Amino acid sequence: EVAKISLREDFYMNVYTTDKIRNVVLLGHGGAGKTSLVEAMAYLSGITNRMGKISDGNTISDYDKEETKRLFSINTSVVPIIWDDVKINILDTPGYFDFVGEVEEAVSAADAAIIVVSGKNGIEVGTKKAWEICEKYKLPRMVFVTDMDIDNASYRQVVTDLQELYGKKIAPFHLPIRENEEFVGYVNVLQQRAKRWTADGNVEKTEVPEYSKENLGICREALMEAVAETSEEFMDRYFNGEEFSEDEIRQALRVNVAEGSIVPVLMGSNILARGMYTLMVDIVKYLPSPEKRECTGINAKTNEVYPANYDFAKPKSAYIFKTIADPFIGKYSLIKVNSGVIKTDDLLYNQHKDTEEKIGKIYVLCGNKPEEVKELHAGDIGALAKLTKAATTDSLSTKANPILYIRTQISTPYTYKRYKAVNKGDEDKISQALQKLMLEDLTLKTVNDSENGQTLLYGMGDQHLDVVASKLLERYKVQIELKKPKVAFRETIRKKADVEYKYKKQSGGHGQYGHVKMTFEPSGDLETPYVFEQCVVGGAVPKNFFPAVEKGIQEGVVKGPMAAYPVVGVKAVLYDGSYHPVDSSEMAFKVAALQAFKKGIMEASPILLEPIASLKVVVPDKYTGDIMGDLNKRRGRVLGMNPTEHGYQEIVADIPYMELYGYNTDLRSMTGGSGTFSYEFARYEQAPSDIQEKEIAERAGKLDNTDNS
């Protein structure tokens, strides 16, 4: 214990060079054991002297109150683990799909990944998504199977399923040894030797159990096949029945794991802290340091490609992959150094914002605990405090050598609800708090929909929006209520109406007099509210009142007479009327035109139009029938299907906006979480009569039928 505590004291003061760094992101389905794996690694490496538990809310990487309350990760956290004089920056990501933005940020800073799979639950949707992310970012990866202490965990099943999905590149490194329903040791497939754990947590050699020999043969064969696949020479030797030496195997594994053409599978128990020792040894041995990875930006002065490649000898540059803006611990910009060495008090230039800032102290975060360091070498991950203008995905460099890196693509939010302040007068506070949350979370956005008198909050799913509401209350002490959003209908007409309206008011002194005769008909252009023309003959309405008549129409289209929605696609023609030399005024003609408009619309066969979205749903092949059936129920029109990669189909459909409410939750439950969707506004279409009637009835109170007379 004492050794561990003293280790903790000078834990972060060291500076690590590029070859001594590994940046590893943990990916996988929610509940697969990523956070408890970090906890076991931290304990074994001596950062902590006791393992925290998710159920107790005391783990290093789940430090946010929302995470301890909900018992799952919401934010990505960085935990640097020192092993064998190498610094392993572990990026622990959330498994739930609502927090995919956090995963995308973490992956942009990683050089390799560990896909965590529960031996009890096996391959889940999140496992496949993790694999797809690794493919997209070309990340070398390992698979770590957790829960091996649980009786019905099956390592063999996980390996078999992975091989079915991803082929010969899956290479099992270990096999579990179980005795009396307990997880007591493992067989090293490469060495064909067995180890068992002793009471003090070390390992001792043991015999390979009889029952494991057949399985060892199968796994050894799979490993040899994976090695043979890596070169023609090896393939020939393999087919000729030659054995590879241990050194040859290790060498082939080193090269091919770093390239991503072999994926090792390891296993252990997070709760018993078993299997992490070999995992950390293998991370250091097989996963690449940043110097083995490429990284390019653009020089903003010369427009030439800048090969940063994590070279410490080049001019300094860094990329901000995440921001923490916590009222308790302050604002930190998490950076990965892409070239050079960043030192305390350096001046760094942000080309995007055209600002140069002195960075002050440099930190390394362990969960939410900042530790000071003197410098960060190329490839390392750290944090800078209180950069005023910097935002996530910005690049930092020197003014003499301004570099821009490609911004990480963050998923677009499509789930939205309207929100209201529970306490009147909190609106400004809420808006400021949301601005701070949006600094941290790029998958969150707010939209002020003034036309429908609502403010909208967009996120990745209902749970995401609930967490945001919780954070507002917890961190900023403001409360919002989330509700179903109002849909932006429109009103238009289908026929022509000819109306007249005379506005007369006599009340001592000057009266008011305006008289118009007008036609209203469809203009054929639903993009534009109205077109105004006049063909008045012989000065029946003097020219100087024409603008006032148009103003009446302009006011009328804002709030239609049918259900108080904006009016579109109307052609209004003033063809006759009369005036009074004394009593006529602009005001009188404006009122007359407005009333004529209301009357005219109601006589010209008015209809409600509803907004239609062009929707794309991407799901595994087997769900297409269910999805199409569900879209039909939602009044959707399926327009076509396109096969995409990994056995997915993209279904393209038109669907009314009002039917999209709650779609995210339904899509996930229909597809076990594997379906995604996106949409954009397409056009307006006539709403069916039942929906029209319901809307008109609901909006009756919003109509202003006063006659102004």
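As the structure is a prediction and not an experimental result, all values here were calculated from the model.
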Q) Checking ring pair (Phe, Tyr, Trp, His ring centres under 6.0 Å) for the pair Tyr96/Phe72: CA distance, chi angles, key distance, verdict? A) CA-CA 8 Å; Tyr96 287 99; Phe72 57 73; 4.6 Å; yes

Q: Give the C-alpha distance, both sets of side-chain angles, the deciding distance and a yes or no for side-chain contact (heavy atoms from CB on, under 4.5 Å) between Ile612 and Ile655.
A: CA-CA 6 Å; Ile612 303 292; Ile655 186 167; over 6 Å; no

Q. Could you walk me through whether Leu457 and Leu482 pass the side-chain contact (heavy atoms from CB on, under 4.5 Å) check?
A. CA-CA 9 Å; Leu457 192 59; Leu482 293 167; 4.1 Å; yes

Q) How far apart are the C-alpha atoms of Thr355 and Asn350, what are their side-chain angles, what is the distance that settles it, and do they pass the side-chain hydrogen bond (donor to acceptor under 3.5 Å, both in side chains) test? A) CA-CA 5 Å; Thr355 53; Asn350 181 338; 4.6 Å; no

**Q.** Step-by-step ring pair (Phe, Tyr, Trp, His ring centres under 6.0 Å) determination, Tyr657 to Tyr679
**A.** CA-CA 10 Å; Tyr657 265 72; Tyr679 59 85; 5.8 Å; yes

Q: Evaluate the criterion side-chain hydrogen bond (donor to acceptor under 3.5 Å, both in side chains) for residue pair Glu105 and Thr76; output intermediate values, then yes/no.
A: CA-CA 8 Å; Glu105 288 176 355; Thr76 284; over 6 Å; no

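The number of heavy-atom neighbours closer than 6.0 Å to NZ of Lys386, taken from other residues, nucleotides and ligands shown, is 12 or below. Heavy-atom neighbours of Lys599 NZ from other residues, nucleotides or ligands within 6.0 Å: above the threshold of 12. Residue Glu645 places its CD atom among 12 or fewer non-hydrogen atoms of other residues, nucleotides or ligands, all under 6.0 Å distant. The 12-atom threshold is not exceeded at NZ of Lys616, counting heavy atoms of other residues, nucleotides or ligands nearer than 6.0 Å.
The pair Lys590-Glu555 meets the salt-bridge criterion, with a side-chain N (NZ, NE, NH1 or NH2) lying under 4.0 Å from an Asp/Glu carboxylate O. The residues Glu610 and Arg635 are annotated as salt-bridged, a charged nitrogen and a carboxylate oxygen being separated by less than 4.0 angstrom. Residues Arg637 and Glu685 are paired through a salt bridge, judged by an N-O separation under 4.0 Å between the basic side chain and the carboxylate. Between Lys420 and Glu481 there is no salt bridge, since none of the side-chain N atoms of the basic residue sits less than 4.0 Å from a carboxylate O of the acidic one. A salt bridge links Asp630 with Arg634: the closest approach of a Lys/Arg side-chain nitrogen to an acidic carboxylate oxygen falls below 4.0 angstrom. Asp98 has a carboxylate O that lies under 4.0 Å from a charged side-chain N of Arg668, or vice versa, which qualifies the two as a salt bridge. Ionic pairing of Arg475 and Glu440 is present here: one or more N-O contacts between side-chain nitrogen and carboxylate oxygen are shorter than 4.0 angstrom.
Contact between Asp525 and Glu527 at its shortest, heavy atoms only, is OD1-N, 2.9 Å. Residues Ile480 and Val422 approach most closely at C-CG2, 3.9 Å, considering heavy atoms. Here the shortest heavy-atom pairing between Gln554 and Tyr530 reads CG-OH, 3.6 Å.
Taking the six-membered ring for Trp and the full ring otherwise, the centers of Phe677 and Tyr663 sit less than 6.0 Å from each other. When ring centroids are compared, Tyr419 and Tyr416 stay outside the 6.0 Å threshold. Residues Tyr513 and Tyr579 place their aromatic rings such that the two centres sit no closer than 6.0 Å.
In this structure, the side chain of Glu357 engages the main chain of Thr388 through a donor-acceptor pair within 3.5 Å. Checked by atom type and distance alone, the side chain of Tyr319 pairs as donor or acceptor with a backbone atom of Thr408 at under 3.5 Å. Using modelled atom types, no side-chain atom of Thr455 and backbone atom of Asn448 make a donor-acceptor pair closer than 3.5 Å. Within the 3.5 Å criterion, the main-chain N or O of Tyr405 finds a donor-acceptor partner in the side chain of Ser395. No donor-acceptor distance shorter than 3.5 angstrom exists from the side chain of Gln512 to the backbone of Lys504, with no hydrogens or angles considered. Between the Thr671 side chain and the Leu667 main chain, a donor and an acceptor come within less than 3.5 Å of each other. Between the Asp426 side chain and the Lys429 main chain, no donor and acceptor come within less than 3.5 Å of each other. With hydrogens and angles ignored, the 3.5 Å screen pairs a side-chain donor or acceptor of Asp583 with a backbone N or O of Gly511. Between the side chain of Lys331 and the backbone N or O of Leu387 there is at least one donor-acceptor pair closer than 3.5 Å. The backbone N or O of Thr393 sits less than 3.5 Å from a side-chain atom of Arg407, completing a donor-acceptor pair.
Figure legend: cation-pi geometry between Lys129 and Phe97, with NZ or CZ positioned under 6.0 Å from the six-membered ring centre and within 45° of its axis. Geometric assessment of Arg699 against the ring of Tyr565 yields a positive cation-pi assignment under the 6.0 Å and 45° thresholds.
Between His464 and Phe99, the two ring planes are perpendicular [angle over 60°; tilted spans 30° to 60°].
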